[in-house]
Amino acid sequence: RQCRTMARATLELPDIEKQKNIQELIECLKYENFYTLHDGASKYTLLQIGESALPSLIEALKNQDYRIAEGAAIVLGMVGPKAKVAVPALKELLRSKSTPEGLRKYEVAWALGKIGEIDFLIRALRGEEPGVSSFDASHGIRGAGPKAVKAIPALLEMINGDTAPEQSFASEALGAIGEASHEAIPRLKVLTKSKHNFVRRAAGEALLKIGTPEAIEAAKPYKLRKAVYDGFFKAMSV
């Protein structure tokens, strides 16, 4: 409550005075870790402060409280391409073997995707960036969304492989890219019949997000099964 009150008061200050509360707002990031991961009063206020908050946010990436380091990464991702100056520090945090326990590196990759580091994430998808997993990289691609068109060939290699987890998170990334992923439709259709439930779901949702007539047609069996399952669990919950 105190953090929300301070955030609100900061927004009402003249721009030149907003900066005086940056450190306190960064400290408040720890309280937004669970209930408003990509939202929250402190994140919103830091975003509104803008470029003058970047040096403090970059420094916060080194914080040993994983909630602050992760929250700072998320805010930098929300800033987007204007946070390009933070890229070296974000990459260092993503690659590091001594990050604070509990830090979710995929959120750091998400920030890099939002900023536009697509080539780096593609290399990571292909195992060419030591210390960066393909799971984290695919989450970064999801953050980039339609801007990550260049990643489609690498994602196609993953869904055409035989590793179920990679098929799942590559499918999610293709769905986030959207209509440009139309080349993946035949394979995604096959994956909607996978023996792994999480792969079936990721492939089906990807088809729906791609959204072309061909993709919608390919997703029909998935939508039918989903309607049955959703109806069943809704009835059970009642």
Side-chain angles (χ1 to χ4, degrees), residues 29 32-34 36-40 43 57 61 66-67 69-81 83-84 86-97 99-161 163-178 180-181 184 188 191 196-210:
L29 291 172
E32 297 178 351
N33 185 257
F34 297 106
T36 52
L37 185 58
H38 284 236
D39 201 352
K43 292 187 181 73
L57 287 166
L61 295 174
Y66 77 92
R67 298 170 299 177
E70 188 176 293
I74 290 171
V75 176
L76 288 165
M78 292 165 66
V79 172
K84 194 83 172 176
V87 166
L90 287 165
K91 287 181 178 178
E92 182 180 349
L93 182 60
L94 188 58
R95 292 168 173 149
S96 175
K97 295 180 180 179
T99 53
E101 185 177 355
L103 184 135
R104 291 166 284 204
K105 285 191 174 184
Y106 60 83
E107 294 293 354
V108 181
W110 176 88
L112 286 167
K114 285 290 185 182
I115 292 170
E117 289 298 300
I118 310 303
D119 290 338
F120 170 81
L121 294 169
I122 292 172
R123 291 195 299 274
L125 283 175
R126 290 180 164 150
E128 298 168 5
E129 287 291 342
V132 185
S133 72
S134 56
F135 169 75
D136 293 337
S138 68
H139 198 76
I141 296 296
R142 288 170 65 187
K147 295 180 181 179
V149 171
K150 289 194 294 184
I152 291 175
L155 294 168
L156 289 172
E157 290 176 19
M158 293 167 69
I159 64 170
N160 284 322
T163 305
E166 287 196 353
Q167 290 173 338
S168 174
F169 47 72
S171 296
E172 291 174 347
L174 287 163
I177 292 171
S181 299
L188 290 171
L191 292 180
H196 300 286
N197 181 54
F198 60 94
V199 175
R200 295 197 301 270
R201 182 184 183 282
E205 291 297 321
L207 287 168
L208 295 176
K209 288 178 181 177
I210 291 171

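Proximity of a side-chain donor or acceptor of Glu107 to a complementary backbone N or O of Ile74 within less than 3.5 Å is not detected. Between the side chain of Gln167 and the backbone N or O of Gly161 there is at least one donor-acceptor pair closer than 3.5 Å. Between the side chain of Lys147 and the backbone N or O of Gly113, no donor-acceptor pair lies under 3.5 Å. In this structure a side-chain-to-backbone donor-acceptor pair under 3.5 Å is missing from Asp136 to Val132.
One finds the CD atom of Glu70 at 11.0 Å from the CH2 atom of Trp110 (value rounded to the nearest 0.5 Å). To the nearest 0.5 Å, the span separating NE2 on His196 from CG on Leu191 amounts to 10.5 Å. Tyr106 contributes atom OH, which lies 15.5 Å from atom CG of Leu112 (distance to the nearest 0.5 angstrom). Taken from CG in Leu29 to NZ in Lys43, the straight-line distance is 5.5 Å, to the nearest 0.5 Å.
Minimum heavy-atom separation, Lys114 to Gly77: CB-O, 3.1 Å. Val108 and Leu90 get closest at one heavy-atom pair: CG1-O, 3.4 Å. Ser138 approaches Ala173 most closely through the heavy-atom pair O-CB, 3.9 Å. For the pair Ala206 and Leu188, the tightest heavy-atom approach, listed with the atom from each and the gap, is CB-CD1, 4.1 Å. The two atoms that bring Gly131 and Lys105 nearest to each other are O-NZ, 4.4 Å, heavy atoms only. Taking each heavy atom of Ala148 and Ile177 in turn, the nearest pair found is O-CD1, 3.5 Å.
By the 6.0 Å contact criterion, CZ on Arg200 is enclosed, its count of non-hydrogen atoms from other residues, nucleotides or ligands being greater than 12.
With a 4.5 Å cut-off on side-chain heavy atoms, Leu61 and Leu57 do not count as touching. Proximity of Phe169 to Arg142: side-chain heavy atoms (C-beta onward) are nowhere separated by under 4.5 Å. At a threshold of 4.5 Å between non-hydrogen side-chain atoms, the residues Glu166 and Ser134 count as touching. Inter-residue side-chain proximity for Leu94 and Phe120 is flagged as met; some heavy-atom pair is nearer than 4.5 Å. Side-chain contact between Ser171 and Val199 is absent, with no heavy atoms from C-beta onward closer than 4.5 Å.
Contact check on Glu117 versus Lys84 returns a salt bridge, with a Lys/Arg side-chain nitrogen under 4.0 Å from an Asp/Glu carboxylate oxygen.
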Identify every side-chain donor-acceptor pair in residues 121-130 under 3.5 Å, counting partners at least two apart or on other chains, and give the distances.
unit_1	atom_1	unit_2	atom_2	d
Arg123	NE	Glu129	OE2	2.8
Arg123	NH2	Glu129	OE2	3.3
Arg126	NH2	Glu157	OE2	3.3
Glu129	OE1	Arg95	NH2	2.9

